[in-house]
> 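For reference, the structure I am asking about is given below.
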2 protein chains.
Amino acid sequence: MSRHFCYGALMPASPEPIGLEIARTGRALSREFNEALTAAGGSLPQWLVLITLKQGDHRMQRDIAAAIGIEGATLTHHLHRMEADGFIRRQRGAGDRRSQLVELTPAGEQLFTRLLGAVIEFDDRLRRGISDRELAALRRTLERLRTNAASPHESTSPTR
Amino acid sequence: MSRHFCYGALMPASPEPIGLEIARTGRALSREFNEALTAAGGSLPQWLVLITLKQGDHRMQRDIAAAIGIEGATLTHHLHRMEADGFIRRQRGAGDRRSQLVELTPAGEQLFTRLLGAVIEFDDRLRRGISDRELAALRRTLERLRTNAASPHESTSPTR
DNA sequence: TATTGTTATACTCTATAACTATA
DNA sequence: TATAGTTATAGAGTATAACAATA
C-alpha cells in the first residue's frame with residue numbers, strides 16, 4: 001500500500017498529489033512564460049509554431065498541428081492571426097494542392113529572434129541555483145510522468 | 001556561460017528549455033487530470049474549490065479565491081455553477097453581512113469523495129515506477145522552479 | 001472514399017471594469 | 001472610503017461538426 005495524501009480531519013498535512021503539483025507548477029510557469037512572450041510581442045502558441053517551423057521541415061499544417069499537439073482547426077485559427085500580422089506566408093503545395101506550405105516572413109524571423117531572446121532569458125532565470133545534474137534528473141522524471149499519464153488506466157478501477 | 005539550447009541550423013539537437021518542458025508536461029498532465037475528473041463528474045476548478053473547503057476554514061470567498069489563485073469574479077463564476085448543481089450553499093456572514101460563507105452540501109461531499117477517488121487513482125498511475133526518493137527530489141526542484149519563476153527578473157536584460 | 005484545410009460555432013477558464021451592499 | 005462579492009463583458013485557447021477542394 002502506497003503512501004497517500006488525504007484531506008480534512010482524516011490526517012494532518014500530507015503531500016499534494018504529484019499530478020496536481022505539476023499541473024499547478026505548469027500553470028504558474030506557463031503564466032510567467034506567457035508574460036515573457038507577450039512582453040516580447042508574441043504568445044505561447046505563436047512560439048510553438050515558430051520553433052516548429054525553425055526546427056525541421058514541418059511545413060504542412062497537418063505536421064505542425066501534430067508537432068504542437070493541437071487540432072488542425074485550432075492551428076488554422078492561430079495561423080490566420082499570424083498571417084494577418086505578417087509573420088507567416090502560406091502557399092498551396094505544388095505536388096499536392098490540398099496542402100498549405102507555411103513559411104516565415106522576414107518579420108516572422110524577427111519575431112522568432114525576439115521571442116528566442118525572451119525564452120533564453122526566462123530559462124536562465126528558471127534554472128538559477130539548479131545544477132545540471134538536478135535538471136537532468138528532473139527531465140527524466142518528467143518524461144516518466146508523461147509516459148505514465150498517457151499509459152492505459154490498468155485495473156485500479158474495475159467498474160465503469 | 002551556461003549551456004544553451006538552440007534551434008534551426010545553429011546546432012544539432014539540444015535540450016528543450018526547461019520552462020517549456022514543464023509547461024508542456026503540465027499541460028499534458030492537466031489534460032489527463034481533467035479527463036479523470038470529468039469522468040468522475042467534476043472539473044479541475046471544482047476540485048480546487050472542494051479541497052480548499054475540506055482542507056481548512058477557508059469559507060469566505062475571498063479566502064477561497066486566494067487559496068486557489070484566481071480572481072474573485074472568476075470564483076463567483078465557478079460557485080454559481082456549483083450552487084446551481086447543488087454542490088455548495090452560500091449564506092451571508094452573521095458578523096459581516098458582506099461576506100458569503102461557503103459550505104458543502106451532502107451532494108458536494110459526495111462529489112468530493114468521488115473526485116478524491118479519481119485523484120488517488122490518477123496519482124497512483126502517475127507515480128508508477130518512480131521511487132519516493134525520486135519523487136521527493138522532483139518536488140524540491142519544482143518548488144525551486146516556482147520560486148525562480150516568481151522572482152524578480154534581475155539584470156539579464158538591462159534595457160527596456 | 002480519404003485527406004487537407006477552412007468555416008462556423010461553442011465551451012472553459014480567465015480577467016477587468018463597473019456595480020451593489022455592507023462596513 | 002474601503003471591502004466582499006456580483007454582473008457584464010471580453011479574450012485566449014481549445015474543440016467538434018459541417019464543409020470545400022483535391023487526391
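Note on naming: letters A, B, ... go to the chains in the order of the sequence lines (proteins, then strands), and numbering restarts at 1 for each one.
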> Quick one: is B/Arg97 getting a side-chain N or O under 4.0 Å of the C/dT20 phosphate, OP1 or OP2?
no

> Considering every strand and a 4.0 Å limit on heavy-atom distances, what is the contact class for A/Ile70: base, sugar-phosphate, or nothing?
sugar-phosphate

> I'd like to know if the side chain of B/Thr74 reaches the main chain of B/Ile70, judged simply by a donor and an acceptor atom lying under 3.5 Å from each other, with no hydrogens or angles considered.
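Answer holds: no.
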
> Between P on C/dC11 and CZ on B/Arg81, what's the gap in Å once rounded to a whole number?
10 Å

> Name the closest nucleotide to the A/Thr74 side chain, picking from D/dG5, D/dA15, D/dT6.
D/dA15

> Does B/Arg62 have a side-chain nitrogen or oxygen under 4.0 Å from the phosphate oxygens OP1 or OP2 of D/dT6?
no

> Find which nucleotide of DNA chain D each of B/Arg90 and A/Asp96 is nearest to by heavy atoms, and output the residue with the more 5' nucleotide.
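It is B/Arg90, whose closest nucleotide lies nearer the 5' terminus.
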
> Does A/Thr76 put a side-chain nitrogen or oxygen below 4.0 Å from OP1 or OP2 of C/dG5?
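So the side-chain polar atoms of A/Thr76 never come under 4.0 Å of the phosphate oxygens OP1 or OP2 of C/dG5.
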
> With under 30° as parallel and over 60° as perpendicular, where do the rings of B/Phe122 and B/Phe33 fit, or are they tilted in between?
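It falls in the perpendicular class, over 60°.
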
> Need one value for A/Ser99: base, sugar-phosphate or nothing, where a base atom within 4.0 Å counts as base even if backbone is also close, heavy atoms only.
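Touches sugar-phosphate only.
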
> Answer yes or no: does a side-chain N or O of A/His77 lie under 4.0 Å from OP1 or OP2 of C/dT6?
no

> It should be established whether B/Arg92 places a side-chain nitrogen or oxygen under 4.0 Å from OP1 or OP2 of nucleotide C/dA21.
no

> Can you measure from CG (B/Asn148) to OG1 (B/Thr141) and round to the nearest 0.5 angstrom?
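One gets 10.5 Å once the value is rounded to the nearest 0.5 Å.
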
> Please determine if a side-chain N or O atom of B/Gln100 lies less than 4.0 Å away from the OP1 or OP2 oxygen of C/dA21.
no

> Distance-only criterion, 3.5 Å: show the donor-acceptor pairs between side-chain atoms of residues 85-96 of chain B and protein atoms not counting sequence neighbours.
from    : atom 1 : to       : atom 2 : distance (Å)
B/Asp85 : OD2    : B/Arg81  : NE     : 3.4
B/Arg89 : NE     : B/Glu103 : OE2    : 3.4
B/Arg90 : NE     : B/Glu83  : OE1    : 3.3
B/Arg90 : NH1    : B/Gln61  : OE1    : 3.0
B/Arg90 : NH2    : B/His80  : ND1    : 2.8
B/Arg90 : NH2    : B/Glu83  : OE1    : 3.0
B/Arg92 : NH1    : B/Arg98  : O      : 2.7
B/Asp96 : OD1    : B/Arg98  : N      : 2.9
B/Asp96 : OD1    : B/Arg98  : NE     : 3.1
B/Asp96 : OD2    : B/Arg98  : NE     : 3.4
B/Asp96 : OD2    : B/Arg98  : NH2    : 2.9

> To the nearest Å, give me how far apart CD (A/Gln61) and C1' (C/dT4) are.
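Going from CD in A/Gln61 over to C1' in C/dT4 covers 8 Å.
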
> Mapping A/Ala73 and A/Ser43 onto DNA chain D by nearest heavy atom, which one lands closer to the 5' end?
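Mapping each residue to its closest nucleotide by heavy atoms, the 5'-most match is A/Ser43.
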
> Provide, to the nearest angstrom, the distance between the CD1 atom belonging to B/Ile64 and the P atom belonging to D/dT6.
10 Å

> Taking CD from A/Glu35 and C1' from C/dT14, how many angstroms apart are they, rounded to a whole number?
13 Å

> Closest to the B/Arg98 side chain: D/dG5, C/dT6, C/dA23?
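Nucleotide nearest to B/Arg98's side chain: C/dA23.
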
> Calculate the interatomic distance between A/Leu48 atom CG and D/dG13 atom P; express it in whole Å.
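My rounded result for the distance is 10 Å.
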
> Would you tabulate the side-chain donor-acceptor contacts of residues 35-43 of chain A under 3.5 Å, counting partners in other chains and residues two or more places apart, or write 'none'?
from    : atom 1 : to      : atom 2 : distance (Å)
A/Thr38 : OG1    : A/Asn34 : O      : 2.7
A/Ser43 : OG     : A/Gln46 : N      : 3.4

> When the distance from CG of A/Asn34 to P of D/dA12 is rounded to whole Å, what number comes out?
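From A/Asn34 CG to D/dA12 P: 11 Å.
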
> In whole angstroms, how far is the P atom of C/dG5 from the CG atom of A/Leu75?
9 Å

> Rounded to the nearest angstrom, tell me the gap between atom CG in A/Leu37 and atom P in D/dG13.
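Rounded to the whole Å, the gap is 10 Å.
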
